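Input: a single structure, listed below in C-alpha cells.
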Amino acid sequence: MGQHLFDLRTLSAPKIACSVGRTCSNVFPGHLGGVKFTRQFCSCRVIFLKASYSNTRTSNQAFNSVDQEKFAVANGSCQIFGGNGVCSIPFSRETRVLDAFEDEYEGIVVNSERLPSNSRAFASILQSSLSRWKREGKKGVWLKLPVEQSELVPIAVKQGFQYHHAEREYIMLTYWIPGGPGLLPANASHQVGVGGFALNDKNEVLVVQEKHCAPEFVGSWKLPTGFILESEEIFTGVVREVKEETGIDTQFEEVIAFRHAHNVAFRKSDLFFICMLRPLSTEIKVDDLEIQAAKWMPLTEFLRQPIIQGDSMFKKIIDICIARLKKRYCALAAHQVISKFDGKSSSLYYNVVEATDFNCLGG
C-alpha cells in the first residue's frame with residue numbers, strides 16, 4: 001500500500017500535530033538512513049520547519065533522497081505520516097540551525113518569524129547555530145526577538161548576545177563572532193529636532209509657550225519646535241510640527257542653520273535644524289496637550305525677550321533669520337537627488353547662487 005512522506009517544504013511547523021499513544025505502523029522496515037524504526041508508541045522529539053510531499057512508495061531510496069541539510073529543528077520532534085496514522089520518529093542526524101540568511105557583510109540575520117516557540121529548544125538550536133556559523137567563518141549575528149517571545153532574551157544573553165536596541169514590537173540583539181572588538185554598527189546615535197521661523201506680512205513671528213519646560217523658560221515665547229519622525233524629511237517634519245502646535249499651515253523655504261550638541265537625552269547627540277517657513281494661513285488653533293499658548297508676536301518684541309538677549313545661541317539664530325530676510329545670507333534649500341550608492345531618492349540641502357537668483361544677493 002502506498003504511503004505518504006512529508007518532507008517539510010510544503011508544511012509549516014504549526015500545522016503538524018504529534019500523535020501520542022498510537023503505535024507506529026511498520027512503514028519503514030529495518031534501517032533507513034541510519035535510523036532503525038520499530039513498532040512503538042510515538043513520542044515528540046523533533047519538528048522540522050521544512051518539508052515536501054511525495055505520494056510515491058516509501059523506500060530507503062525515497063527517504064535518503066530528502067536533503068536533511070534543509071531541515072531546521074523547531075520544537076524538538078520529527079514526524080512521518082503513514083497510511084495507518086501519524087507517527088513521530090526521532091532522527092539521529094538533524095541540522096539544528098535557526099532559519100536565517102546571510103547579509104552582504106558575511107553576517108547572519110535570523111528570521112524572527114521562524115523562531116522556536118519552546119525556550120529549551122531555542123537554547124539548544126541557538127548554541128548549535130553559533131557553532132556552525134563560527135565554523136563557516138561568519139561575522140556578526142543579528143537576532144530580532146518579538147516582544148511576544150521576550151522570554152528568549154535572557155537565553156540569548158547567556159550565550160553571549162548583547163543588546164543593540166529595542167522598539168515597541170521587538171528587541172534586537174547582536175553577537176560578534178570573530179575575535180577582537182565588534183565591528184557591527186551601533187544603534188542610532190542622534191535624535192533630530194526642527195524649529196520653524198514663520199514671519200507674516202505684518203512682520204510678526206509665530207511663537208508658542210510650552211506647557212512643560214524648564215523653570216527658566218516659564219513665560220517665555222519661543223519658536224515652534226519638535227522632533228522628526230521615523231522616515232520623515234526635515235522639510236515635511238517642520239511643517240507638520242508647526243501645524244500640530246499652532247494650527248498654522250506653512251510652506252518650507254530653506255534650512256537657515258543647524259546646531260549639533262552631545263549628551264542631550266539618554267546620552268544621545270542632538271541635531272536641531274532651524275527652518276525658514278512661509279505662512280499659508282493666519283488663524284491659530286493651539287494644541288492643548290503640549291502648548292500653553294500661541295500667537296503672532298511683533299518681531300521687535302520677540303527679540304527684546306531676556307531669554308533671547310541672554311543666550312548667545314538663540315540670539316545668533318534670530319540674527320541669521322533676519323539676515324536671510326534682508327537677503328544678506330544664503331540658506332540651504334532641499335533638492336531631490338538619486339545616488340547610485342542605494343538607488344533611492346534623497347534630499348540634499350544646499351544653496352546655488354546664480355545671476356538669476358534674486359533671493360540671495362550677498363552682503
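If you read the sequence from its start, that first residue is 1, and numbering goes on from there. This structure is a prediction, so every number in the text was calculated from the model and none was measured.
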Next on the checklist: One pair to check against side chain to side chain contact (heavy atoms under 4.5 Å, CB included): I322 and Y329. What are the steps and the verdict?
Outcome noted: CA-CA 9 Å; I322 294 175; Y329 176 86; over 6 Å; no
Checklist entry - side chain to side chain contact (heavy atoms under 4.5 Å, CB included) between I155 and F122: does it pass, once the steps are laid out? => result CA-CA 8 Å; I155 298 174; F122 173 75; 3.8 Å; yes
Next on the checklist: Let's go through S347 and Q336 carefully: what are the C-alpha distance in whole Å and the side-chain angles of both, what is the deciding distance for side-chain hydrogen bond (donor to acceptor under 3.5 Å, both in side chains) to 0.1 Å, and is it a yes or a no?
Outcome noted: CA-CA 5 Å; S347 299; Q336 296 302 306; 2.7 Å; yes
Item to check | Worked verdict on L325 versus F197 for side chain to side chain contact (heavy atoms under 4.5 Å, CB included) | outcome: CA-CA 11 Å; L325 293 172; F197 183 86; 4.0 Å; yes
Checklist entry - Stepwise, does the side chain to side chain contact (heavy atoms under 4.5 Å, CB included) test hold for T246 with I291? => result CA-CA 8 Å; T246 68; I291 303 301; over 6 Å; no
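For the pair E169 and P146, the minimum side-chain heavy-atom distance is 4.5 Å or more. At a threshold of 4.5 Å between non-hydrogen side-chain atoms, the residues V208 and K222 count as touching. Here the side chains of V205 and L223 are in contact, with some heavy-atom distance below 4.5 Å. In this structure the side chain of N111 never reaches within 4.5 angstrom of the side chain of F101, judged on heavy atoms. Annotation: side chain of L145 is not in contact with side chain of S150 (no heavy-atom distance under 4.5 Å). N203 has its side chain out of reach of P298: every pair of non-hydrogen atoms, C-beta onward, lies at least 4.5 Å apart.
In this structure, N200 contributes its side chain and E204 its backbone to a donor-acceptor pair below 3.5 Å. No donor-acceptor distance shorter than 3.5 angstrom exists from the side chain of W221 to the backbone of Q305, with no hydrogens or angles considered. H164 places a side-chain N or O within donor-acceptor distance of the main-chain N or O of P185, the cut-off being under 3.5 Å. With D103 contributing its side chain and E106 its backbone, the two residues share a donor-acceptor pair below 3.5 Å. Between the side chain of E241 and the main chain of G195, no donor-acceptor pair closer than 3.5 Å is present. At distances below 3.5 Å, at least one donor-acceptor pair connects side-chain atoms of S128 with backbone N or O atoms of I125. Distance alone, capped at 3.5 Å, places no donor-acceptor pair between the Q162 side chain and the T174 backbone. Between the side chain of K134 and the main chain of I177, no donor-acceptor pair closer than 3.5 Å is present. Of the possible donor and acceptor atoms, none in the side chain of E290 sits under 3.5 Å from a partner among the backbone N and O of K211.
The aromatic rings of H165 and Y170 lie perpendicular to each other, with more than 60° between the two planes, well past the 30° mark. The aromatic rings of Y349 and F252 sit perpendicular, their planes meeting at an angle over 60°, well past the 30° parallel limit.
Within 6.0 Å of CD in E104 there are more than 12 heavy atoms belonging to other residues, nucleotides or ligands. Atom CG of D201 is surrounded by 12 or fewer heavy atoms from other residues, nucleotides or ligands within 6.0 Å. Within 6.0 Å of the CD atom in Q251, the count of heavy atoms belonging to other residues, nucleotides or ligands exceeds 12. Within 6.0 Å of NZ in K268 there are more than 12 heavy atoms belonging to other residues, nucleotides or ligands. Around CD of E136, the count of heavy atoms belonging to other residues, nucleotides or ligands within 6.0 Å exceeds 12.
Pairing each heavy atom of A198 with each of P279, the nearest pair is CB-CG, 4.1 Å. The minimum heavy-atom distance linking G196 with V242 is given by the pair CA-CG2, 4.4 Å. Here the closest non-hydrogen pair linking L229 and E232 is N-OE1, 2.8 Å. In this structure, L98 and S129 approach most closely via the heavy-atom pair N-OG, 2.9 Å. Taking every heavy atom of both residues into account, E233 and I228 meet most closely at O-CD1, 3.7 Å. The minimum heavy-atom distance linking E216 with S220 is given by the pair O-OG, 4.3 Å.
No continuous path of hydrophobic side-chain contacts links I318 to V194 [ILVMFWY only; heavy atoms under 4.5 Å]. Follow the hydrophobic side-chain contacts under 4.5 Å out from F235 and you never reach F272; the two are in separate clusters. No single ILVMFWY cluster, assembled from side-chain heavy atoms under 4.5 Å apart, contains both L130 and Y105. Tracing side-chain contacts under 4.5 Å through hydrophobic residues (I, L, V, M, F, W, Y), one never reaches L348 starting from V255; they form parts of separate clusters. One hydrophobic cluster, built from ILVMFWY side chains closer than 4.5 Å, cannot hold both V153 and M172; they sit in different ones.
Under the 4.0 Å criterion applied to side-chain N and carboxylate O atoms, R259 and D270 are assigned as salt-bridge partners. Here E253 does not pair with R324 in a salt bridge; the nearest charged N to carboxylate O distance is not below 4.0 Å.
Here T250 contributes atom OG1 and R278 contributes atom CZ; the two are 10.0 Å apart, rounded to the nearest 0.5 Å. Taking CH2 of W176 as the reference point, atom NZ of K138 lies at 13.0 Å (rounded to 0.5 Å). The OG atom of S131 sits 11.5 Å away from the CZ atom of R96 when rounded to the nearest 0.5 Å. The CD1 atom of I256 sits 9.0 Å away from atom CD1 of I274, with the distance rounded to the nearest 0.5 Å. M276 contributes atom CE, which lies 10.0 Å from atom CD1 of I320 (distance to the nearest 0.5 angstrom). With rounding to the nearest 0.5 angstrom, the CG atom of N351 is 8.0 Å from the NE2 atom of H335.
When each of L199, V238, D249 is checked for a side chain to side chain contact (heavy atoms under 4.5 Å, CB included) with L277, only V238 meets the rule. Across L280, V239, L206, a single residue satisfies side chain to side chain contact (heavy atoms under 4.5 Å, CB included) together with I248, and that is L206. With Y175 as reference, F161 is the one residue of W142, F161, Y163 to meet the ring pair (Phe, Tyr, Trp, His ring centres under 6.0 Å) rule.
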Run the side-chain donor-acceptor check on residues 310-317: report pairs under 3.5 Å with partners two or more places apart or on a different chain.
residue: D311; atom: OD1; partner: M313; partner atom: N; Å: 2.9
residue: D311; atom: OD1; partner: F314; partner atom: N; Å: 3.0
residue: K315; atom: NZ; partner: D319; partner atom: OD2; Å: 3.4

